[in-house]
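One is the number of the first residue; the rest follow in order along the sequence.
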Amino acid sequence: MKLLGIARVSTEEQAGDNGAGLNRQHDAIQRVAEANDAKLIGIVNIVDVSGSDVGTSKEWLTQVLPIIMDPDVHLAIDALDRLIRASTFAAFGVLAACQSTHTRIYTPAGTHDLARPDGVLVSGLLALIGGKEKAEIVRRSQAGKEAKRQRGQWVQSVDFLPRGIAYDRKTQTWSYTPAAEGVREMFRLAAEGATQAEISRRTGVPSQTIRALLQNPIYDGRLVFTSRSSGRIANSKHQKKIARPAEHVIDVRVYSETDQLVPHELWLSAQARLRAAGQAHRRTREATAPSSWASAFLYSWHEPDADGTAARRHIVYGCSTGADPGKVPRYMCRCKHGNASSELRRCGLVGFRCDVVNPCLDRYLTDLTHSDWLVAAAFEAVKQAKAPDTAALGERTARALAALDRREKRLLDLYEHDGIDLHEHTARREVIKTERAVLRQALANAIAVPVVPSEIAIRAQAQAWRWNAELPPEQKRKWLAKYVQAICIANHAIVQASFRVYGDDGSVVTCTADRPAGWHELLGHAPTGIKCTAAAQGAVPTSVAADSLGISGDMLRWYVAHGVVTFNGAMSGNKRLWTQQNIDVARQELKSHRPAPVRALGVAAVSERLGQMYERLWEPENAGSCQLRGGHGTDTSTGSRAICKNRVGP
């Protein structure tokens, strides 16, 4: 007979050099193997895993389960609670796996044979007792920590102390670290009205953490707890935080008024500034939101890929003006945002002014929805629509129902461990019941009535889906949310739009309107000058052209300025517009010249030569074919700022 040992500890500290938990279990497993005259083939250490989560641990799934499939291999443990503590019903999966593989469990106290009724009974009872002991240990531990918090002691690791704060567990005293002076300077700057970005530049603290740091009452001398843990979620090491009731909020003074890091008057001044900044930001967002009513309904146009994910991920959002009153709201692709995923490559879509694009969208949607063309497209979509795949729908519904069952079990677990009260438990269960009913009804409808909207239903909707440009922004967004799936845009035009058509029975069919409309057409006037015409024909900016050539944008600008690459294309303001022909010519010239890398010149040299290039760029003879008005770029002949009148974009 062969035995596989399992040793488990709940925390990493218990597995350290100073923890004897694993060594003691190893010795017990050796004695079990010797007592049963068995060969010990190895010991699997499971560290930082609760007794109720063994069945989902990586060690159990990869190192134990494959081995106990051998009918000659059984398990050896120090005690049954090292294998299972059934604080949830899901924990019994470990015993179920042992029973299905006919694996016996050997301990110093005896053998658990799950193929026998008495073995199942004893193992199940011991697992439940272990779960009850665990719950009691957690309850006592949490009660002890709560009592320490109320006395003003720090119960977490010192690594979680706020910046500049120190705590000595032996003497139970609070003090400061050298970083406290930087925190005091942050409060002073905030009270003077400095922005978070300015505070970050002057102190070196990341701007994302400044607001939370300035709002921490520990710098006012008080240790405050307004939330508590709801208990560890099943199959997860994370704990959800929930708000404490008002009567359970802990507010203890740990620094005297003379010892607190920030004077109380400075603290109040900083909080007032933060509140004022927050209110100003909300007012700005509220004022900007109406001007970007198409946000998140626009997508940057891409050629469809295998699964369609590339186009779907390039969502175009509305960007607020921030604190600068001189800026105007714009529509920007998600790939241009600083926090966008690194896998989301820049698509080259420029930033569109909302006050220019919105009238274009109004006209495009009006022309499309007030004509019979969209009705005909809906008819065609209905003809090509197929009955839903009820088998696939049944599988998806079954998975969704199983996920709801798991949510309900976790909810019950939270309630049993006092993570939530009865009122919250009941409210969440009602939500789960509603979602379950909706899923079952949707499956029943698909099986019973596999139909698509009729032509009568489509013609009846033709009046309802007509776009009204006079609607307020809130009503426009509601209309888009109901009838529009996506509007794909490019630098030169609106490429296509996808609409939803509803049937009387609740069925939905999507039809696509492949009717491109150039921005210059929608603006109501034709472009003047070859430069604007090139913009309307889909030319791309320098950054996109450089990507296709495999070099940086600054490197391509330097090559053009020094004659290495010839550029005979159009200009829009101070920006070059590269057609595919221009890019092909540049690629051939780079291959023939093989110029030295720009980075070899150094940053100062590149900056100087780029400045010279832009000075030549805005000489009067280089700006003649476009009509100029106040905007971007600088005309060196007049000293005024200039931009092409007909340009749509940044």
So do [Y] and [X] actually touch side chain to side chain, heavy atoms under 4.5 Å?
X	Y	answer
Tyr219	Leu214	no
Tyr299	Ile315	yes
Leu126	His112	yes
Val64	Glu59	no
Pro71	His102	no
Ile67	Gln63	no
His264	Glu257	no
Ile218	Tyr255	yes

May I ask you to check whether over 12 heavy atoms, not counting those of [X], lie within 6.0 Å of atom [atom1]?
X	atom1	answer
Phe89	CZ	no
Asp37	CG	no
Arg222	CZ	yes
Arg116	CZ	no
Gln156	CD	yes

Determine the minimum heavy-atom distance between [X] and [Y], stating which atoms define it.
X	Y	value
Leu40	Ala33	CB-CB, 4.2 Å
Val32	Ala76	CG1-CB, 4.1 Å
Tyr317	Ala296	CE2-CB, 3.9 Å
Gly152	Val254	O-CG1, 3.6 Å
Asn45	Leu22	OD1-CD2, 4.0 Å
Ser52	Ala91	O-CB, 3.7 Å

Mind checking the [atom1]-[atom2] spacing from [X] to [Y]? Nearest 0.5 Å is all I need.
X	Y	atom1	atom2	answer
Thr88	Asp53	OG1	CG	7.0 Å
Gln485	Leu480	CD	CG	13.0 Å
Ser57	Asp48	OG	CG	11.0 Å
Tyr106	Leu75	OH	CG	10.5 Å
Met186	Leu213	CE	CG	4.5 Å
Ile6	Ile43	CD1	CD1	10.5 Å

Quiz item: For residues Asp259 and Ser256, is any side-chain donor paired with an opposing acceptor at under 3.5 Å?
Solution: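 Side-chain D/A pair, Asp259 to Ser256: present.
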Exercise. Taking atom types as modelled, find out whether Lys134 and Ser10 have a side-chain donor-acceptor pair closer than 3.5 angstrom.
Key: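 Distance-only check fails for Lys134 and Ser10.
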Exercise. Indicate yes or no: does Arg149 engage Glu146 in a salt bridge with an N to O separation below 4.0 Å.
Key: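 Looking at Glu146 together with Arg149, the answer is yes, because their closest N to O distance falls below 4.0 Å.
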Quiz item: Can Glu474 and Arg477 be counted as an ion pair, charged N to O under 4.0 angstrom?
Solution: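 No, this pair does not count.
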Practice problem: For Arg500 and Val484, indicate whether the former's side chain and the latter's backbone hold a donor-acceptor pair under 3.5 Å. | Solution: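 Checking the backbone N and O of Val484 against the side chain of Arg500, a donor-acceptor pair under 3.5 Å is found.
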Quiz item: Quick check: does any side chain N or O of Arg8 sit under 3.5 Å from a backbone N or O of Arg82, one acting as donor and the other as acceptor?
Solution: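 Indeed, once roles are kept as given, a pair shorter than 3.5 Å links the two residues.
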Self-check item: Test applied, side-chain hydrogen bond (donor to acceptor under 3.5 Å, both in side chains); reference residue, Gln153; option that passes from Lys145, Gln172, Lys148
Solution: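 Of the listed residues Lys145, Gln172, Lys148, the side-chain hydrogen bond (donor to acceptor under 3.5 Å, both in side chains) partner of Gln153 is Gln172.
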Self-check item: Arg436: side chain to side chain contact (heavy atoms under 4.5 Å, CB included) partners, not counting sequence neighbours
Solution: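 Side chain to side chain contact (heavy atoms under 4.5 Å, CB included) check on Arg436 returns Leu401, Leu404, Asp405, Glu408, Ile432, Lys433, Arg440.
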Practice problem: For Ile137, enumerate each residue passing the side chain to side chain contact (heavy atoms under 4.5 Å, CB included) test, keeping only those at least two apart in sequence or located in another chain. | Solution: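 For Ile137 the side chain to side chain contact (heavy atoms under 4.5 Å, CB included) partners, ignoring immediate neighbours, are Arg140.
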